[in-house]
Undergrad: 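Here it is: the structure, laid out below.
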Amino acid sequence: MKHWLLKSEPGTFSIDDLAARPRKTSAWDGVRNYQARNMLRDSMKKGDTAFFYHSSCAVPGIAGIVSIVGNGYPDATAFDPKHAHYDPQSKPSEPRWYVVDVKLERKFTTVITLDELRKHADSELKDLIVLKRGNRLSVTPVTKKEWDFILSLE
DNA sequence: GCCAACGTTGGC
DNA sequence: GCCAACGTTGGC
């Protein structure tokens, strides 16, 4: 079982938005980056867990935990000309973009902030991708050690 | 295949 | 709003 970190702008889709969905489950859609796509399509598996990270907001940080409820499948929003994430180059016969379904497992009582994570950027979290400068990837792997350490910060 | 220009991300 | 960093595009 692997661990991941998924970024979302809470103004667009927050952990509370996920909590409000039926069965607290939603497709993680709109990812338009090949590296992230490959992980959604090929690497993420049912039973994996991921941190739900809030980016581009007042207090960036990890807001809770989701589980991956199934393997990747094509992102339907790419097929819809009226959708903001429409991509005419992605066709149902040859899909370019993928999603996984995620289910909210737990919302932290307080966000584990980016500031807090950075305090360990030279030690336990020195390889955490989200702490690397210039990092923009919205889907990143998290090692078991990083996962356990971050949970101990809650 | 190179690389400049452009658009986007995301912290501040 | 600013700007550094990055991915993608397109001309050559």
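In what follows, every chain begins at residue 1, and chains take the letters A, B, ... in the order their sequences are listed. Keep in mind that what you see is a predicted model, and the values were worked out from it rather than measured.
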Undergrad: Compare side-chain N and O positions of A:Arg118 against OP1 and OP2 of B:dC12 and report whether any pair is under 4.0 Å apart.
TA: yes
Undergrad: Grab the CG-P distance between A:Leu137 and B:dG10 for me, whole Å please.
TA: 9 Å
Undergrad: Just by distance, no angles: are the side chains of A:Glu146 and A:Thr143 close enough, under 3.5 Å, to form a donor-acceptor pair?
TA: yes
Undergrad: Rounded off to whole Å, could you give me the CZ-to-C1' distance for the A:Arg96 and C:dT9 pair?
TA: 12 Å
Undergrad: Under 4.0 Å: is that the gap between some side-chain N or O of A:Lys7 and OP1 or OP2 of B:dG10?
TA: yes
Undergrad: Between A:Arg32 and A:Thr77, do the side chains contain an N or O donor and an N or O acceptor separated by less than 3.5 Å?
TA: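 Yes, side-chain donor-acceptor contact under 3.5 Å.
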Undergrad: Look at A:Tyr53 and B:dT9 and indicate whether a side-chain polar atom (N or O) is within less than 4.0 Å of OP1 or OP2.
TA: no
Undergrad: Round to the nearest Å and state the distance from A:Arg32 atom CZ to B:dG7 atom C1'.
TA: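 So the CZ-C1' distance, A:Arg32 to B:dG7, works out to 16 Å.
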Undergrad: When all nucleic acid strands are considered with a 4.0 Å heavy-atom cut-off, which category describes A:Ser55: base, sugar-phosphate, or nothing?
TA: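 Result for A:Ser55 = sugar-phosphate.
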Undergrad: Rounded to whole Å, please give me the gap between CH2 in A:Trp97 and P in C:dG7.
TA: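 To the nearest whole Å, that distance equals 13 Å.
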Undergrad: In this structure, how many angstroms lie between the C1' atom of B:dG10 and the CD atom of A:Glu9, rounded?
TA: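 Roughly 8 Å, once rounded to whole Å.
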Undergrad: Between the side chains of A:Asp101 and A:Trp28, does any donor sit under 3.5 Å from an acceptor?
TA: no
Undergrad: Whole angstrom is fine here: how far is it from OH in A:Tyr34 over to P in B:dT9?
TA: 15 Å
Undergrad: Can you tell me the distance, in whole Å, between the NZ atom of A:Lys132 and the C1' atom of B:dT9?
TA: 19 Å
Undergrad: What is the distance, rounded to the nearest whole Å, between atom NE2 of A:His54 and atom C1' of B:dT9?
TA: 17 Å
Undergrad: Starting from A:Ile15, can I reach A:Phe108 by hopping between I/L/V/M/F/W/Y residues whose side chains sit under 4.5 Å apart?
TA: no
